[in-house]
2 protein chains.
Amino acid sequence: MGALSLRLPSLTSLSSAAAAVPRYQFCRRLLLPLRPLSAANFSVQSSIVEKEVATPPPEVERSSSPKPKIQQEKDRVITPRSQDFNAWYLDIIANAELADYGPVRGTMVIRPYGYAIWEAIQDYLNVKFKETGHSNMYFPQLIPYSFIEKEASHVEGFSPELALVTIGGGKELEEKLVVRPTSETIVNHMFTQWIHSYRDLPLMINQWVNVTRWEMRTKPFVRTLEFLWQEGHTAHATPEEAEKEALQMIDMYTKFAFEQAAIPVIPGRKSKVETFAGAAKTYTIEAMMGDRKALQAGTSHNLGQNFSRAFGTQFTDENGQRQHVWQTSWAISTRFVGGIIMTHGDDAGLMLPPNLAPIQVIVVPIWKKADESSGVLDAASTVKETLQAAGIRVKVDDSEQRTPGWKFNFWEMKGVPLRIEIGPRDVSSGSVVVSRRDIPGKQGKVFGISMESSTLVAYVKGKLDEVQSALLEKATSFRDSNIVDVCSYNELKEAIAQGKWARGPWSASDKEELKVKEETGATIRCFPFEQPQGTKTCLMTGNPADEVAIFAKSY
Amino acid sequence: MGALSLRLPSLTSLSSAAAAVPRYQFCRRLLLPLRPLSAANFSVQSSIVEKEVATPPPEVERSSSPKPKIQQEKDRVITPRSQDFNAWYLDIIANAELADYGPVRGTMVIRPYGYAIWEAIQDYLNVKFKETGHSNMYFPQLIPYSFIEKEASHVEGFSPELALVTIGGGKELEEKLVVRPTSETIVNHMFTQWIHSYRDLPLMINQWVNVTRWEMRTKPFVRTLEFLWQEGHTAHATPEEAEKEALQMIDMYTKFAFEQAAIPVIPGRKSKVETFAGAAKTYTIEAMMGDRKALQAGTSHNLGQNFSRAFGTQFTDENGQRQHVWQTSWAISTRFVGGIIMTHGDDAGLMLPPNLAPIQVIVVPIWKKADESSGVLDAASTVKETLQAAGIRVKVDDSEQRTPGWKFNFWEMKGVPLRIEIGPRDVSSGSVVVSRRDIPGKQGKVFGISMESSTLVAYVKGKLDEVQSALLEKATSFRDSNIVDVCSYNELKEAIAQGKWARGPWSASDKEELKVKEETGATIRCFPFEQPQGTKTCLMTGNPADEVAIFAKSY
């Protein structure tokens, strides 16, 4: 993956409020917002309060028998995306063999092709975590129930979702054990034993583990009873250090999303209502899916001293004073794989960003007569070795049971970024045909690329970079054309009713935030780091506002 | 790690019964065995039935407060190994910060230094698994209780050890859920849905996960309520293929143990009594620890059709016939880290094989006067960069709070294979001092190694290889001097009473095998692949025997 360097504009501006955003009067009445409402003549009367609540995804079946929603492998039929986004999503997961339902309601089996995407995510982030001074380790997943109760808002947030072990080794346990929904409590229990003085700080660790949350409405990758994630946990001597760490990690996730997953997430701060149970502040990256619903794709929490006070995690500072540590935690999960599917996929199936694609190039040898096959297969194999040696993930589909046309469709459905076709005429001319997954038909096809090693490698690398950039560009323009700047609650409702994201100044109360949710189905996804300059007026109350918030329906 | 190539004799002979073992009459009465009993005049009367059962390791504490067995970080005192092996083991784990106790009895927190050893194990095996055609994936950890009951001997083996989730999302569940103790059942449930025809075979997967077994007697790494492992699962069209796969994987584990961990394991087949619950055959690698107890360090099972019959995992063969698949499963766990500690460690602490050491070289800069420090620190930093660029895992300990002597002891205790010392005089002469962890004092110390990049890198790589080989040699000669060839039950009892392993011909019944266990505390560790030629007579019954078995007390 390291071989693919992607040229992107610097992302530093993303996490800086002082970024060069055009200065304009934001939502002062009588002034037009810079980006006009593109659907001003939309038929829904904006004065009517809409009760359009996010459609619940269907429950994963309770029994293991017939799976009505996930198509069987044999019939590779994908529901058109525009027709039924949810059915399309489940069809892709089934047909591309990314995942399957587990026998227990809401659980998911991650199949090799889906798991390979997760491994690519791990490979990238794991290196970044270590480069920034974090060490991997492992905490037990069974947590005494009493731990969860120690931090008041934490227990409130998590107790409805807990899976409890009550029997061990044939005996009823004295204390129920929680199957880890997240590890702040057990981490603090251990940190309290390891941290003595300022010399033990900062303590910065991470673990790649499974977590269990008893979710009622599940959907493969997006929300499952058990999922895989990494959870980072750090302890610091000062609030400034903790804040810096929390921001560093959300920035790392942002860069990862842009550069690796080609997902133009919007990083920002959660509202108080949406803040993680137990955190002082939650930072998030919010991604717009193909159906324009938001996906919270990663979070980083500044925990303040909430857990250190609950667990007595103290250190002796340089002046000999005992102080509670300042902490952070941050996570990205297998949900991100769902985000990749729902950002880039189309009616033909999955579309994977080259940087994370398990297979970047599929080589399809084509022959009709038996005497042509050996030349074609030899050439395919040489091309494979050439690309592999250059660090490109490549596979040859030389199966004899399927036609080239079937293979083209199959590997397009699997989202492989580039296809190389080699027929007898290509062998004679020493060249190949290269097709891009993201540009359908002839437009994405280039003939006569020399098989000569250095030419081919440079060409393929260049094309992979192009696809990577094109996916990001496409997703960015889709995102930007679906965010509406709003100045009033009516405009907000109109935008949400159109399925768009609404961005507008907000300084109203938690109660009013919850009213928006109840009436529109939309929540504050974040107060984006990138804020317009100028004075702002709260869209709900008309009071002065410091920041704009983004509202959207979400997964 | 790839940079360190270790020159070892070919290991192919290890898994081949036809290996060039000297042909001799094994245990024909009146003939002396080739290797004489080295303790023939041991004081214990061999006719007395001994009731020496393996000393149970102490229970991990129930409460989280004072840990009597694991020393606190501050007092770096390590009980001498010869005085109390178990206390020594626990002291090393505490002082080297490999692990700590979790809050729930029998659970373990794997700390960064211990986890890094596990990561090195993962990095090696993960590549090998993929090279041999296995794909990683993930199965849910919650398994319906009814699944466990489907395979008769499997439920018998595992039901006493299960952790059960009975409450989810605040409600009593209709069916209890098992927290994965191993995944054969859920794997087969899914395989049944994925496998249709011979074209779907072989199906070869692996997962790196946590598993939970409600063990009563726990010991960090060696036996914990929850541990980490990889579990491979494969399905094949023929019994021959499954057998080949099971042997291939135990062979891979054997090579790993020898070449990476420098542990001269003995690979072989388990007796029927010791076979995995649900397997047709279990292959194992058995390692001799420093206290001469055996550690089962990895297993590979030929499952036959036991699970495919229980779960109806069938395929249509080339003739259109429905058949049950033939399967294997195989695993190595974090227990292996315990094996490394107990194989190589000494009174000074941990001793890590270079191939798996998280830090292969520790650089200790030494200065007295303030004006010496910058030259020494610069040189240390240059040396670090030179070695790092060559792929060597190196760290500089430049802390000012500790003396060089303290640092020497500390990094020896942490088991770092090589130490480089750099003082002002070394800086002037452009050379360094290199000390080996495995050779104490002056004998392991070489002065005047040039700092010049190519010289230093070559020297350090060579030394790391030497240490790696020396650890294996030492462990091998320890192992061989503690295996006794026995011809009778009395000789077996004598050997076991001396704390050694007994190797002798065996064709007796399961009942007699259990009698040996009851009377001596020893079990059959394996029928080793490497068998002496010639006719053999069962040490217990005097009947003809096909094979020798190895008996030992074990963890």
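Residue numbers begin at 1 in each chain, while the letters A, B, ... track the order of the sequences.
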Which portion of Glu119(B) sits near chain A, non-hydrogen atoms under 4.5 angstrom: side chain

Chain A contacts, top residue of Glu161(B), Arg199(B), Lys176(B) (heavy-atom pairs, under 4.5 Å): Arg199(B)

Atom of Leu142(B), atom of Val104(A) and distance for their closest heavy-atom approach: O-CG2, 3.5 Å

Side-chain donor-acceptor contact under 3.5 Å, Trp194(B) with Asp100(A): yes

Gln193(A) and Tyr101(B) side chains, donor-acceptor separation under 3.5 Å: no

Side chain to side chain, Tyr115(A) and Ser135(B), heavy atoms closer than 4.5 Å: no

Gln401(A) versus chain B, the contacting section by heavy-atom distance below 4.5 Å: side chain

Interchain contact, Arg213(A) with chain B, by part (heavy-atom threshold 4.5 Å): neither

Engaged part of Thr224(B) at the chain A interface, taking heavy atoms whose separation is under 4.5 Å: neither

Arg111(A) vs Met190(B), side chain to side chain contact (heavy atoms under 4.5 Å, CB included): CA-CA, chis, key distance, verdict: CA-CA 10 Å; Arg111(A) 302 186 70 176; Met190(B) 299 310 300; over 6 Å; no

Interatomic spacing from CD in Gln122(B) to CG in Asn136(A) - rounded to 0.5 Å: 9.0 Å

Non-hydrogen atoms of Pro140(A) and Met108(B) that approach each other most closely: CG-O, 3.4 Å

Proximity breakdown for Leu162(A) and chain B, heavy-atom pairs closer than 4.5 Å: backbone

Criterion side chain to side chain contact (heavy atoms under 4.5 Å, CB included) against Leu164(B), the qualifying member of Ile167(A), Leu173(A), Leu164(A): Ile167(A)

Between Gly170(A), Ser159(A), Ala116(A), Gly168(A), the one whose heavy-atom pairs under 4.5 Å with chain B are most numerous: Gly168(A)

Contact origin within Glu215(B) toward chain A - heavy atom pairs under 4.5 Å: neither

Engaged part of Thr334(A) at the chain B interface, taking heavy atoms whose separation is under 4.5 Å: neither

Part of Pro144(B) lying under 4.5 Å from any heavy atom of chain A: both

Min side-chain heavy-atom separation Ile186(B)-Pro103(A) under 4.5 Å: yes

Worked check of side chain to side chain contact (heavy atoms under 4.5 Å, CB included) between Val109(A) and Tyr138(B): CA-CA 6 Å; Val109(A) 180; Tyr138(B) 188 77; over 6 Å; no

Whether over 12 other heavy atoms sit under 6.0 Å from Glu175(A) CD: yes

Trace of the side chain to side chain contact (heavy atoms under 4.5 Å, CB included) decision for Gln141(B) with Thr107(A): CA-CA 9 Å; Gln141(B) 76 164 343; Thr107(A) 62; over 6 Å; no

Evaluation steps, side chain to side chain contact (heavy atoms under 4.5 Å, CB included), between Ile110(B) and Phe139(A): CA-CA 7 Å; Ile110(B) 307 180; Phe139(A) 290 88; over 6 Å; no

Whether over 12 other heavy atoms sit under 6.0 Å from Gln388(A) CD: yes

Asn210(A) side chain near Asn210(B) side chain, heavy-atom distance below 4.5 Å: yes

